[in-house]
Each structure stands twice: as structure tokens, then as C-alpha cells.
Amino acid sequence: MVAEDANDLRRALENNEIIPYFQPLVELRTGLLRGFEALARWQHPQRGLISPNEFIPLAESSGLHGLLTGKLLSAVFAAAKDIPNHLTLSVNISLTQLTDLTLPRHIFNAAQHANFPLQRLVLEITESALVGNTEHASRIANELKEQGSRLALDDFGTGYSSLRHLQLLPFDELKIDATFVRSMTHTRESRKIAAAIVGLGNSLGLTTVAEGVESQTIADMLLWLGCDIGQGWLYGRPVPPEQLPETLAARSDPPPPIKSTGPRSAVADTNFPLRLEALPTQRLAQLNAIYDGVPVGLCFLDRNLRFVSVNKRLAEIHNLPVASHLGQPIAEIIPDKFPQIEPYLRRALNGEPYYGLEVLIPDPHRPDKPRTLLISYQPARDEVDEVIGVSMSVVDISRRKQAEQALAESEDHYRHAVELNPQVPWTAEPDGMILDTNKRWETLTGLTKQESLGKGWVRALHPDDVFPTLKAWEEVLRTGELLDIQYRIHRGDGDWRWMRVRAAPRRDENGKIIRWYGTLEDIDDHKKAEEALRRSEARLQTIFNAVPIGIVIADAPDGRVVMSNPRAEDILRTAVAPPRLIDDYCRESRANAPGGIEDFEDQHQENPLANAIMNGRSLGPREILRYYSDGTSSWVSLTAAPVIDLDGKVSGGVITIQDIDEEKREKQRLSELADALKNKLATHR
């Protein structure tokens, strides 16, 4: 409905029936709330809500526009107490207001009265308001800017659009009219107009705002075009001041960090860019530098598979200048390879990307070695997802292929080396679960690799070895120490063979075990040899202990006694305190002898018996009268010989000891009898 007279409007202003409704402004790139636009609504007691299109012209024609602006700004600034300080507030300026030179003062006074910082205020001016009023508009706009407010050119493209307005007036924002935005999904011309306005705004360093965003599809298209801010029903319908807290609570966007410590620190820094990207001309230069600088061949083909653009790297791969590609069908540039790649190009034109096609081409510098190219095809789409061509990337992977071939050969050599190794390598998880082993394990146990993974290997163990083996494995898993155990495994032929298992952990930079690496070694032959040696040693020990002759074995080079048999201990009475050195077996005879006895040669030397043996001399039977601590004595016979090893060196010595006391004393008694008889015969003569 239309208000019938100015008196009704004046009454409405006096009764505060004209109030602001607030619609969200959202940053398209992040989805964060950027501010609100205040839209005037007349809450008529009989007619309900009346749109500004009906009462604004009445206010201008009746001279009430100044009062209307003051009332509306006061209401907006009053509602700002519920709006966070980092959010902006946008207010529309009408044609009449833009010619009123007192407008900046009215706005300043209203803001100062409400203690509202003008840096948060965005004043929206429609294009039609600028027609024929450029001089006044410029003066007022500059004064508003000096006060701190931002300016936005509203409904751009619907009125008498002029680039001169953008040149002369200090605008900060450029708003795309909702009529273009709402029809973007189904009208190509609307998309192009919106793209042109966004590009124009970005080129001039202006923030671009799109009105009428009613679906996510439109929001995505605007973001793809580079638009900064969206406004529309997708983000929320206009709400009265009393519903602002509810609207803000529903969004709960965090405020941006404060970027200034000056007088504007309490408000949003409205000069920081919403988008991190550069301006279009700068972006083009950057993209061209990247396009030609990357070590990857790049090109764009249109729907007729003609080169629209190509970078230097791809031109070098084709061994042709860049200019020779432009406008030419790819089939003429690489005729030999086109039949191979054409199916993938067609698939890309149908919207299906393809990655990683390997193609061999001749190397112009080394004809004997072809080059390997890795080619990917990506459909290029416009803002409504229509395929307009193919983006193709080409990577020369010749060196990588050579490295892969060398690695494969190295792995093959390693695999053969491992398979020929008598030890069986294996790996396990940190918890002990077996991850891998080789074929030799299958040969040894008859269990397949799959059957042996995890804890399956335990089935090959001897029943008596299962518990001690698992206990030892659990212990090293707990402590992280090295593993070195032996157990028996079952052969397919029914035999059991001894194995030695060793393992060590691999740790990360924090010391945490990330893998176990181990080997399994067949030691059955060694164990059998050890067992045979033990049996042989047992037999020899039995003989050694049973012979009726005392035997003492000494080690080089000092004659230290290694072992002696029981007979030697009986003869020399050393069972309680066995001698440490060979010579100790005869020293007691000198120490306890009444006046000493004849021992053997070189007795003035220290350890003469050991010295003789270790110098390679054998000693024949030597008879020694050995005295004991109890005052008794006995005759013994000593024989000594060196032990010569395979290198001809003396490695020790052996002494044999015989008890000849009875024989010696019998001989002495007979000798004494003979002497007595001889003396008696001599007397009788």
C-alpha cells in the first residue's frame, strides 16, 4: 500500500513506527558474518509493514527525508549495542539526501550522540542518485569519507552505469543488483554481467557484494567468480532489532583478531582485504609466471582440441616453439601419438578426468633411449560446470623410470641374495605379530608364509619349547632388549632341528619401537657336534679320572694348573688345597725337608719346571722325595712334556705323577741289606 499523506508519515516518525530491519552480510570465502544492512520498514498500525519503495518518495516530496534519516540512524545506532564491534552496519542514502550538504553533519551528530564509531558505518548510494549530481555527490561523499564512513555503490548495472562515477567518487564497495544474481543459474548473460562487475570491482580494489543470494549454488558461483560478500535469504531474512540477539547467537562466529592499538582498536579494521588473492592483473602475471616456470608441461585445448595456450616446458618437450602450437590441432603437433591419447581427450571432453597415462616418445638428443611422459587430462569447466575444453599436464618421468628399473634390479639382486642366505630373515610388529618371512621358512617347516604370520609360526615349535620361547619373546617385547634364544622346529620329514633366533628392535626418533627385525639360523649340525663333543669329553674325563697314574695339565705361558685327576690329588695329598702352579707340586718337598733334598735341575730358578716345559723341553722321570706337613714323606716320580699346537707353539704342558714310595723304599731296604751283608762278609775275612 501507499501512504496517503505526509501527515500520516510525520505521525509515523513521531511514534517511531519506521524501524530498521537487519539482514546479514556474509563473507563468501569463509562463511563468517561480516555485518548487517539496515533496511527501513514502516510498521503501520492498520496496513502492516510498508516497504521503503512506498514511503521514501513521500518523505522526499514532503521534505521529511532529513527527519526520516535522523530517526532511522538513531534507531540503527541504538540497535548497534547488541551487535559485536567487529561487524559493520550498512545504511542506504537516497537521491535527495545525497544533494543535502548537511547530511554529513546529521550523520556525525547522530553517531556521536549514540557513541557509535563511524568506521563501522557503510553508506550505500544508488547509481540513479549520482545522475546530474556529480559535483554535490563528490563533495558530500568525500566529507563522509573524511568522517570515517565507507561508501558503497548500490544496484550497479541497473541504472545509468558510468565508470566515471567509480573514478571520481571514493567508493569502497561495489554491490551487484539482486536481479542479476538471482538469474545466474539459468541466464548466461546474468553470469557474464556478474563476472564483469566482480572483475571490475577487484581491478579497482573495491569489495564486491552480491545481493539476492538465495541458494548455495549461487553462492558457490559467486565465490568462483571472486566475489567477496553475499547478502540474501540463504544467510537470513531481515529481522527487527529485538531479534538480533537470536540471529547472532545462531551464528556464533568468532570475532577477528584486533589489528590496531590506536583509536580504532575497538572496531573492525575495515581496510584489510577480504580475499588473500591479488587483483586480476596481478593474478594474471602470477599465473603466467607459474605457468611458464613449473617443470611440468601444461596446455589448454578447446573443444575442437586446438591449442589455446601452451607453456614453455611443453613446447620444449615437443621440440617446437610456443607460437607453433597456438591455434593448431593437437593431432598435427604430435601426429604419431595422437591416436594413443585421443580416447582420453574425448573422455575429458565428456567430463571424465584421467590421470597417469604413460607415453613413450623419441628423445631428440638421444635417439637410442626413448623418453617416458606421464600425461593427465582434466576437463575445464565454466561457472555453470559446462566443459569448455581440456587442461593437459605432461611430466617427463624418464629419470624416474630409470631409477625404478635400477631399483627393481637391485631388489631382484637383494631377493636372490636373501633367498641364498642360510639364515631366514623375518619382521614383526611392535607387539610381536610376525609380518613377513621368506620362502626358506616354508622349506624348513612346511608352513606357508600366510600360515606363519601373526602367531602362526608357533605351530612349528617342539611342544617342550613353546612355553619358554613365548616367555622369552614376551620379555624382550616388554623390555626392548635383544632376543637370542634357541628352539626346535618340526621338519616335514618328522625330524626336529635346532634353530637359533636373534632379533633387535627398530625405534623412532622418540625411542618408541616401530618394528622388530630378526633372523632364524639352522644350528642343528652345530648342536649335534656340540653334543658329540660333550659325549667325547665325558668319555675322556672318565678315562682321565680312572687311570692309576696322576695327571696334571697346565696352560701356557706361566704353567698355571688347568686340571688334575683324582689320582694326582691322592698321591700328592692336595685334595683340600690344589696347587695353583705346576712347580707347587714339588715345592713342599724343599720346604719341609730336614736340610733339603735334591730336586731337579735349575732349582735355583723361579718355577723351573714350568720354564722347562714352556720352553719346549721334555723332562724324563725324576724321582722326588716329597715331605708333607704331618712329618711323613713319600717318593714320587715326575714326567713332564710340553703340548705343541698346530702352529708349532707351546700351548701348555702335561705332568704324570707315579707313587714309587714302596718300590723306592724296598730298593733302599735291599740296598741297605746288601751293604750290611757285604760289611759282615768283610768282617769275617
Side-chain angles (χ1 to χ4, degrees), residues 16-43 49 52 68-93 106-125 144-145 147-152 154 172-173 175 207 209-211 213 228-274:
N16 296 320
E17 294 178 4
I18 298 181
I19 62 173
Y21 271 54
F22 296 88
Q23 186 170 31
L25 297 167
V26 174
E27 189 174 337
L28 292 172
R29 182 173 59 87
T30 63
L32 296 178
L33 186 64
R34 181 63 188 275
F36 290 94
E37 180 178 357
L39 304 171
R41 296 291 186 267
W42 184 356
Q43 288 186 326
L49 282 180
L68 174 61
T69 301
K71 288 282 189 178
L72 184 62
L73 285 174
S74 297
V76 170
F77 294 157
K81 68 180 187 303
D82 296 323
I83 300 175
N85 292 336
H86 67 280
L87 300 179
T88 62
L89 291 175
S90 300
V91 178
N92 288 281
I93 300 298
H106 290 313
I107 294 177
F108 180 82
N109 291 337
Q112 191 175 41
H113 182 266
N115 197 25
F116 180 83
L118 287 175
Q119 288 79 9
R120 295 178 58 190
L121 183 64
V122 180
L123 298 172
E124 298 186 2
I125 303 171
L144 292 171
K145 284 285 290 184
Q147 292 180 175
S149 301
R150 293 167 57 86
L151 300 181
D154 195 12
D172 301 285
E173 297 181 4
K175 300 195 71 171
T207 300
V209 182
E211 299 178 311
V213 181
D228 298 308
I229 296 176
Q231 175 184 353
W233 290 355
L234 175 64
Y235 307 113
R237 295 175 180 268
V239 297
E242 59 269 18
Q243 294 183 19
L244 269 175
E246 181 181 348
T247 300
L248 289 166
R251 297 198 60 89
S252 66
D253 293 339
I258 296 176
K259 304 180 67 175
S260 171
T261 58
R264 295 178 58 186
S265 60
V267 300
D269 185 352
T270 54
N271 292 323
F272 74 89
L274 285 174

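Quantities reported herein were computed from a predicted structural model and do not represent experimental measurements. No hydrogens, no waters, no symmetry mates; every other heavy atom, side chains included, goes into these values. One is the number of the first residue; the rest follow in order along the sequence.
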Colleague: Quick one, Glu173 and Val122 - any side-chain contact, counting heavy atoms below 4.5 Å?
Modeller: yes

Colleague: Given side chains that start at C-beta, do those of Leu151 and Ile93 come closer than 4.5 Å, heavy atoms only?
Modeller: no

Colleague: Partners of His106 by side chain to side chain donor-acceptor pair (under 3.5 Å), sequence neighbours excluded?
Modeller: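 Expected list: Thr102.
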
Colleague: Is any side-chain heavy atom of Lys175 less than 4.5 Å from a side-chain heavy atom of Ile229?
Modeller: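 No - every pair of side-chain heavy atoms lies 4.5 Å or more apart.
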
Colleague: What do the steps show when you test Lys145 against Asp172 for side-chain contact (heavy atoms from CB on, under 4.5 Å), and what is the final call?
Modeller: CA-CA 10 Å; Lys145 284 285 290 184; Asp172 301 285; 2.8 Å; yes

Colleague: List the steps, then state whether side-chain contact (heavy atoms from CB on, under 4.5 Å) holds for Arg150 with Leu123.
Modeller: CA-CA 6 Å; Arg150 293 167 57 86; Leu123 298 172; over 6 Å; no

Colleague: Check Ala79 against Pro241 and note the closest heavy-atom contact, atom names and distance.
Modeller: CB-CB, 4.1 Å

Colleague: Going by the rule ring-ring contact (aromatic ring centres under 6.0 Å, His included), which residues pair with Tyr235 if we only count those two or more places apart in sequence or in a different chain?
Modeller: none

Colleague: What I'd like to find out is whether the side chain of Tyr21 reaches to under 4.5 Å of the side chain of Gln243, using heavy atoms alone.
Modeller: no

Colleague: Can you list everything that forms a side chain to side chain donor-acceptor pair (under 3.5 Å) with Gln23? Sequence neighbours excluded, please.
Modeller: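 Checked Gln23 against side chain to side chain donor-acceptor pair (under 3.5 Å); matches are Gln231.
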
Colleague: With a 4.5 Å cut-off on side-chain heavy atoms, are Val26 and Leu234 touching?
Modeller: no

Colleague: Enter the distance from Ser149:OG to Gln119:CD here, rounded to the nearest 0.5 Å.
Modeller: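 Output value for this atom pair is 8.0 Å.
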
Colleague: Can you name the closest pair of heavy atoms from Asn92 and Ala38 and give their distance?
Modeller: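 Where Asn92 meets Ala38 most closely, the heavy atoms are ND2-O, 4.2 Å.
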
Colleague: Give a yes or no answer on whether the side chain of Arg29 reaches the backbone of Asp228 with a donor-acceptor pair at less than 3.5 Å.
Modeller: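 It does not hold such a pair.
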
Colleague: Are any of the side-chain heavy atoms of Phe116 and Leu89 separated by less than 4.5 Å?
Modeller: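 Result yes, sub-4.5 Å side-chain heavy-atom pair found.
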
Colleague: Which distance, rounded to the nearest 0.5 Å, do you find between the CG of Leu28 and the CZ of Arg34?
Modeller: 11.5 Å

Colleague: Report, as yes or no, whether the 6.0 Å neighbourhood of atom CD on Glu246 holds more than 12 heavy atoms from other residues, nucleotides or ligands.
Modeller: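 Not buried by this count: 12 neighbours or fewer within 6.0 Å.
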
Colleague: In Å, rounded to the nearest 0.5 Å, how long is the span from CG of Leu87 to CZ of Phe22?
Modeller: 12.0 Å

Colleague: Taking the side chain as C-beta and beyond, is there a heavy-atom pair between Pro84 and Leu248 under 4.5 Å?
Modeller: yes

Colleague: Using the salt bridge (Lys or Arg N to Asp or Glu O under 4.0 Å) criterion, which residues pair with Lys71? Sequence neighbours excluded.
Modeller: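 Residues passing salt bridge (Lys or Arg N to Asp or Glu O under 4.0 Å) with Lys71: none at all.
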
Colleague: Rounded to the nearest 0.5 Å, what separates atom CG in Leu25 from atom CG in Leu32?
Modeller: 13.0 Å

Colleague: Considering only heavy atoms from C-beta outward, does the side chain of Leu118 approach that of Leu144 to under 4.5 Å?
Modeller: no

Colleague: Can you see which heavy atom on Ala40 is nearest to which on Ile18, and at what distance?
Modeller: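 Shortest heavy-atom contact: CB-CG2, 4.4 Å.
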
Colleague: Could you pull out all residues at least two apart from Ser74 that satisfy side chain to side chain contact (heavy atoms under 4.5 Å, CB included)?
Modeller: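 Expected list: none.
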
Colleague: Calculate, to the nearest 0.5 Å, the distance between atoms CD and OG1 belonging to Glu27 and Thr207 respectively.
Modeller: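 Reported to 0.5 Å precision, the distance equals 9.5 Å.
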
Colleague: Measure the CG-NZ distance between Leu244 and Lys81 for me, rounded to the nearest 0.5 Å.
Modeller: 9.0 Å

Colleague: Would you please name every residue forming a ring-ring contact (aromatic ring centres under 6.0 Å, His included) with Phe36, sequence neighbours left out?
Modeller: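 If we apply the ring-ring contact (aromatic ring centres under 6.0 Å, His included) test to Phe36, skipping adjacent residues, there are no hits.
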
Colleague: Which residues satisfy the side chain to side chain contact (heavy atoms under 4.5 Å, CB included) test with Ala75, sequence neighbours excluded?
Modeller: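 With sequence neighbours excluded, Ala75 shows a side chain to side chain contact (heavy atoms under 4.5 Å, CB included) to Pro20, given in chain and number order.
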
